[in-house]
Amino acid sequence: MPELPEVETVVRALREPLVGRTFVGFESAWAKQIVVPDDVAEFAARLVGHTAVSITRRGKYILINLDDALTLIVHLKMTGHLALVPGGQEPHKHVRQRFFLADGDELQFRDPRKFGRLYLVADPQTIVGKLGPEPLEEGFTAVSLQKLFAGRQRVLKPLLLDQTFIAGIGNIYADEALFGAKILPTRRSDTLTAVEITRLHAAIQTALTLGIEREGASISNYVKPDGTKGSMQEAINVFRRTGFPCYTCRTPIKRIVLGGRSTHYCPTCQL
């Protein structure tokens, strides 16, 4: 699933070519992806005639802010791919949503597994309001992370995946951050010391920043809007490296399942 770095990469890639463009039509091949409003005709009627004025990100959500105080929100989920393409071409078989622009180009949403979601709302907070803090914003400090942990008694890896706790971290970057912090994913949050929380804070920001610099991890379905791959997969320490030696100590990387998610760690480096 695209996580914060992958979504940020998509936002940055679409910002220049999409901002200032006006939507003149919409076509859906999978109506269940449209959540708000839940009717394709109403969705299209609200969208048509509006112009993209900015594109931002909140957690794993893409926010295309329109004139007249509307926001088109896209969640890529497992296999979603958003791209601006020239009009007049036969769409890929997995294109579920087509947004037609005034000059003939299209914003296309391709999604083989159909898990992606679309929202067109006046108040984005109705969709993203429950998300936790952004881990790369200035206000996200080691002290604020320590406050987030206060009173919580949860297994660490599933907690980091909880989007109401911290927004944007998924399986890849949780594993990489915990390795960077030298903390076992099975630890309970209430066992962390202040020093460990400070290390974890730094490791979260380091992993996410590297992911953005490398334009995401093309490990499974993710590619950038232009169809090329990111390179974060070339800098992975533990994720999906089961049985391979740790780059630090040469101990084989282990895989377990926590909260229903594959979890990878070094049993020697992480305590």
Side-chain angles (χ1 to χ4, degrees), residues 1-15 54-65 71-83 109 111 115-117 119 124-125 127-142 144-145 148 156-181 183 185 199-225 228-240 259 261-264:
M1 174 188 293
E3 303 177 30
L4 186 156
E6 289 74 36
V7 177
E8 180 66 24
T9 299
V10 173
V11 167
R12 293 183 182 188
L14 292 178
R15 185 169 286 138
S54 65
I55 305 178
T56 56
R57 178 194 54 76
R58 181 71 174 97
K60 301 178 187 179
Y61 290 84
I62 297 169
L63 280 67
I64 303 175
N65 303 297
T71 302
L72 171 63
I73 301 178
V74 182
H75 199 304
L76 302 175
K77 292 288 185 178
M78 294 293 293
T79 60
H81 177 264
L82 201 60
F109 186 49
D111 189 9
F115 291 152
R117 293 292 181 263
Y119 313 81
Q125 288 300 106
I127 307 301
V128 301
K130 293 183 179 180
L131 294 177
E134 288 287 329
L136 293 180
E137 287 190 348
E138 185 176 347
F140 183 76
T141 64
S144 64
L145 180 58
L148 286 175
L156 195 51
K157 168 69 181 289
L159 179 58
L160 291 179
L161 298 183
D162 183 344
Q163 298 301 293
T164 66
F165 180 65
I166 300 173
I169 301 176
N171 219 25
I172 298 172
Y173 297 96
D175 281 358
E176 292 301 299
L178 287 167
F179 174 80
I183 299 172
R199 287 208 313 261
L200 180 58
H201 170 266
I204 288 171
Q205 294 196 324
T206 296
L208 294 174
T209 298
L210 182 61
I212 292 172
E213 290 173 353
R214 287 181 166 268
E215 299 185 289
S218 294
I219 292 175
S220 51
N221 298 286
Y222 165 77
V223 291
K224 295 181 287 183
T228 60
K229 293 182 178 182
S231 65
M232 182 60 187
Q233 67 275 7
E234 299 168 8
I236 291 295
N237 288 296
V238 291
F239 185 75
R240 290 194 180 178
R261 305 297 300 276
S262 292
T263 298
H264 310 81

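What you are looking at is a predicted structure, and each value in this text was computed from that prediction instead of being measured.
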Checklist entry - Looking at A203 and G180, what are the two nearest heavy atoms and their distance? => result CB-C, 3.8 Å
Checklist entry - About how many Å separate OG1 of T71 and CD1 of I64, when rounded to the nearest 0.5 Å? => result 10.0 Å
Item to check | Pairs touching residues 156-174 that satisfy salt bridge (charged side-chain N to carboxylate O under 4.0 Å, His left out), sequence neighbours left out | outcome: R154-D162, K157-D175
Checklist entry - Hey, is the main chain of E234 close enough, under 3.5 Å, to the side chain of S231 for a donor-acceptor pair? => result no
Item to check | Taking every non-hydrogen atom, the tightest pair across L208 and P135 | outcome: CD1-CG, 3.4 Å
Checklist entry - If you measure from CG on L72 to CG on L63, what distance do you get to the nearest 0.5 Å? => result 8.5 Å
Checklist entry - Is the Y61 ring parallel, tilted or perpendicular to the H75 ring (thresholds 30°, 60°)? => result perpendicular
Checklist entry - Looking only at side chains, do Y173 and E6 share a donor and an acceptor under 3.5 Å apart? => result yes
Item to check | Salt-bridge criterion met for K229 and E215 (N-O under 4.0 Å) | outcome: no
Checklist entry - Between R12 and L14, is there a donor-acceptor pair closer than 3.5 Å when you use the side chain of the first and the backbone of the second? => result no
Item to check | Check: T79/N221 side-chain N/O donor and acceptor closer than 3.5 Å | outcome: no
Next on the checklist: With a 4.5 Å cut-off on side-chain heavy atoms, are I236 and E176 touching?
Outcome noted: yes
Next on the checklist: Distance check, rounded to the nearest 0.5 Å: M232 atom CE versus T9 atom OG1?
Outcome noted: 11.0 Å
Item to check | Contact summary for S220 and R240, nearest pair of heavy atoms | outcome: CB-NH1, 4.1 Å
Item to check | From CD1 (I169) to CG (L161), nearest 0.5 Å | outcome: 8.0 Å
Checklist entry - Would you call K60 and E3 a salt bridge, taking side-chain N to carboxylate O under 4.0 Å as the test? => result no
Item to check | R117 side, atom CZ; I73 side, atom CD1 - distance, nearest 0.5 Å | outcome: 14.0 Å
Checklist entry - What are the two closest non-hydrogen atoms of V223 and S218, and how far apart are they? => result CA-OG, 4.2 Å
Checklist entry - Can the ring centroids of H201 and F140 be said to lie less than 6.0 angstrom from one another? => result yes
Checklist entry - Backbone N or O of R261 within a donor-acceptor pair of the T263 side chain at under 3.5 Å? => result yes
Next on the checklist: Please report the interatomic distance CD1(I172) to CZ(F239), rounded to the nearest 0.5 Å.
Outcome noted: 4.5 Å
Checklist entry - Under 4.5 Å between any side-chain heavy atoms of R57 and I62, yes or no? => result no
Checklist entry - Which pair of non-hydrogen atoms, one from I55 and one from R15, has the smallest distance, and what is that distance? => result O-NH2, 2.7 Å
Checklist entry - Between G211 and P5, what is the shortest heavy-atom contact and its length? => result C-CB, 3.5 Å
